[in-house]
Amino acid sequence: MFSRLRSDIQCILDRDPAARSTWEVLTCYPGLHALVLHRRAHWCWRHGFKWLGRFISHVARFLTGIEIHPGAKIGERVFFDHAMGVVVGETAEIGDGCTIYQGVTLGGTSLYKGVKRHPTLGRDVVVSAGAKVLGGFVVGDGAKIGSNAVVIKPVPAGATAVGIPARIIPSKAGESADVTSPEKKFAAYGITQEDDPLSQAMRGLIDNASSQEHQIALLWKAIDTLQANRSATNCVPGDAARNEHFEADKLNQLVGK
């Protein structure tokens with residue numbers, strides 16, 4: 001128990017530059033208090049003391065502002081940062097090393113009892129402030145959920161989900177989408193240096209429209225050359241595009257079609 005508590009405190013010291021000492025974390029971090037109380041509530045829930053588990057969960061919610069159902073499964077080194085207003089549903093699972101910010105909901109969309117209704121977060125997932133992850137699917141290891149995103153479908157490992165409904169920025173070469181150097185480092189609030197997928201798609205459409213206008217100008221130039229010199233053997237400009245290059249499938253993937 002004490003070993004796990006030390007691990008929880010150390011993960012907070014590692015990820016929060018505002019944390020100055022072990023004593024400060026132990027006494028002033030409601031995310032840590034919520035985890036400690038949840039483990040008691042979860043033990044009661046697993047051993048058949050359902051009401052007691054719910055009561056401990058209710059007290060924890062009153063004291064910390066973090067509501068975790070006693071049936072939820074939470075791994076090691078999980079950090080609820082600020083975390084006021086966080087709601088974690090009964091069948092939710094949170095993997096080791098995850099970070100969850102304020103206003104997050106790990107909710108369900110099904111009303112059937114006894115089924116997997118809430119999401120499963122893999123290892124080292126970051127769920128940013130205000131995000132809603134709704135449904136019994138998996139968010140892969142190392143994934144990032146952007147602030148205020150509404151995620152209603154699985155997120156691949158290492159990818160970043162942003163927007164309403166969430167669109168997926170895929171990972172690059174097996175790395176998280178917001179990693180720009182070989183060194184793996186924690187990214188607070190799941191910030192990504194990539195563009196929003198919708199803006200990428202719009203930029204692609206703009207570039208394609210500009211290219212088409214250029215090709216039309218080249219076509220008129222070729223026609224003018226033909227009219228001026230009927231014996232010309234090759235009047236097609238060198239930079240004319242002879243093959244199609246419009247990436248419709250890629251753009252559709254970016255906007256989530």
Side-chain angles (χ1 to χ4, degrees), residues 1 3-12 14-16 25 29-46 53-54 56-57 60-61 64-110 115-161 166 176 186-190:
M1 180 181 68
S3 175
R4 193 168 189 179
L5 181 60
R6 283 194 295 268
S7 177
D8 291 335
I9 293 173
Q10 186 59 49
C11 85
I12 294 174
D14 291 341
R15 297 182 216 173
D16 187 0
V25 172
Y29 274 69
L32 178 65
H33 304 155
L35 273 178
V36 171
L37 290 170
H38 169 73
R39 290 183 184 129
R40 275 66 180 167
H42 186 62
W43 185 93
C44 292
W45 185 267
R46 288 190 300 107
R54 287 303 301 268
I56 295 174
S57 173
R61 176 179 180 270
T64 66
I66 303 169
E67 181 174 347
I68 308 174
H69 192 283
K73 299 177 181 178
I74 300 180
E76 298 181 3
R77 303 182 310 282
V78 173
F79 180 22
F80 289 92
D81 193 0
H82 302 293
M84 176 65 72
V86 166
V87 177
V88 180
E90 177 186 3
T91 61
E93 299 178 35
I94 302 176
D96 297 342
C98 290
T99 302
I100 298 176
Y101 289 91
Q102 64 270 19
V104 166
T105 298
L106 304 182
T109 56
S110 171
V115 300
K116 174 67 172 170
R117 308 189 310 276
H118 304 89
T120 295
L121 307 186
R123 298 170 60 92
D124 301 319
V125 173
V126 177
V127 187
S128 301
K132 316 300 176 188
V133 188
L134 308 174
F137 51 81
V138 174
V139 177
D141 295 347
K144 307 288 189 297
I145 309 297
S147 295
N148 295 317
V150 178
V151 183
I152 55 176
K153 61 183 179 181
V155 180
T160 299
S176 176
F186 175 68
Y189 287 95

Novice: Quick one: pull up CD1 in I56 and CH2 in W45 and give me the separation to the nearest 0.5 Å.
Specialist: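 Here the interatomic distance stands at 12.0 Å.
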
Novice: For A166 and A149, work out which heavy atoms get closest and say how close.
Specialist: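 Closest approach of A166 to A149, heavy atoms only: CB-CB, 4.5 Å.
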
Novice: How far apart are the C-alpha atoms of V126 and R15, what are their side-chain angles, what is the distance that settles it, and do they pass the side chain to side chain contact (heavy atoms under 4.5 Å, CB included) test?
Specialist: CA-CA 12 Å; V126 177; R15 297 182 216 173; over 6 Å; no

Novice: Verify, without hydrogens or angle tests, whether K144 (side chain) and G142 (backbone) share a donor-acceptor contact under 3.5 angstrom.
Specialist: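 Answer holds: yes.
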
Novice: State, to 0.1 Å, how close P156 and A143 come at their nearest heavy-atom pair, and which atoms those are.
Specialist: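 In terms of heavy atoms, the two residues are closest at O-CB, 3.8 Å.
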
Novice: Looking only at heavy atoms, what is the nearest atom pair of D96 and G75, with distance?
Specialist: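 The answer is OD1-CA, 3.3 Å.
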
Novice: State whether the side chain of K132 and the backbone N or O of G103 hold a donor-acceptor pair below 3.5 Å, judged by distance alone.
Specialist: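 At least one qualifying donor-acceptor pair exists.
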
Novice: How many angstroms lie between atom CD1 of I74 and atom CD1 of I68, to the nearest 0.5 angstrom?
Specialist: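 Answer rounded to 0.5 Å: 4.0 Å.
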
Novice: Can you label the angle between the F79 ring and the Y29 ring as parallel, tilted or perpendicular, going by 30° and 60°?
Specialist: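 Ring orientation, 0 to 90° scale: tilted.
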
Novice: Can you confirm whether I94 sits close enough to L106 that some side-chain heavy atom of one is under 4.5 Å from a side-chain heavy atom of the other?
Specialist: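 SC-SC contact between I94 and L106 confirmed.
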
Novice: Grab the two heavy atoms, one from Q102 and one from V86, that are nearest each other, plus how far apart they are.
Specialist: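 Closest approach of Q102 to V86, heavy atoms only: CA-CG2, 4.2 Å.
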
Novice: From T109 OG1 over to I152 CD1, what is the distance, rounded to the nearest 0.5 angstrom?
Specialist: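 Here the interatomic distance stands at 9.0 Å.
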
Novice: Can you tell me how far the OG1 atom of T99 sits from the CG atom of L121, to the nearest 0.5 Å?
Specialist: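 One gets 10.5 Å once the value is rounded to the nearest 0.5 Å.
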
Novice: May I ask you to test the L5-L32 pair for a side-chain heavy-atom distance under 4.5 Å?
Specialist: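 Yes, their side chains come closer than 4.5 Å.
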
Novice: After noting the C-alpha distance and the side-chain angles of V133 and V155, does the key distance pass the side chain to side chain contact (heavy atoms under 4.5 Å, CB included) rule?
Specialist: CA-CA 10 Å; V133 188; V155 180; over 6 Å; no

Novice: Could you pull out the closest heavy-atom pair between V127 and V125, with the gap in Å?
Specialist: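 Reported closest heavy-atom pair: CG2-CG1, 4.0 Å.
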
Novice: Without swapping roles, check the side chain of T105 against the backbone of G107 for a donor-acceptor pair under 3.5 Å.
Specialist: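 No, because the side chain of T105 does not come within donor-acceptor range (under 3.5 Å) of the backbone of G107.
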
Novice: Evaluate the side chain to side chain contact (heavy atoms under 4.5 Å, CB included) criterion for residues H118 and H69: first the C-alpha distance (whole Å), next the side-chain angles of each, then the deciding distance (0.1 Å), finally the verdict.
Specialist: CA-CA 11 Å; H118 304 89; H69 192 283; over 6 Å; no

Novice: Looking at OG1 of T120 and CD of E93, how far apart are the two atoms once the value is rounded to the nearest 0.5 Å?
Specialist: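 Spacing of OG1 (T120) from CD (E93) equals 4.0 Å.
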
Novice: Check whether H42 reaches the backbone of A72 with its side chain - one donor and one acceptor, N or O, closer than 3.5 Å.
Specialist: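 Judged by distance alone, yes, a pair lies under 3.5 Å.
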
Novice: Testing the basics here: between R117 and T91, what is the closest heavy-atom pair and its distance to 0.1 Å?
Specialist: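 So the two residues come closest at N-OG1, 3.0 Å.
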
Novice: From R40 CZ over to L35 CG, what is the distance, rounded to the nearest 0.5 angstrom?
Specialist: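 Answer for the CZ-CG pair, R40 versus L35, is 10.5 Å.
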
Novice: Regarding D141 and R123, does a basic nitrogen lie under 4.0 Å from an acidic carboxylate oxygen?
Specialist: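 No, no charged N to carboxylate O under 4.0 Å.
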
Novice: With distance as the sole test, does D81 use its side chain to make a donor-acceptor pair with the main-chain N or O of Y101 at under 3.5 Å?
Specialist: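 Checking the backbone N and O of Y101 against the side chain of D81, no donor-acceptor pair under 3.5 Å is found.
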
Novice: Taking atom CZ as the centre, does R39 end up with more than 12 heavy-atom neighbours from other residues, nucleotides or ligands that are less than 6.0 angstrom away?
Specialist: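 Counting other residues, nucleotides and ligands, CZ of R39 exceeds 12 neighbours.
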
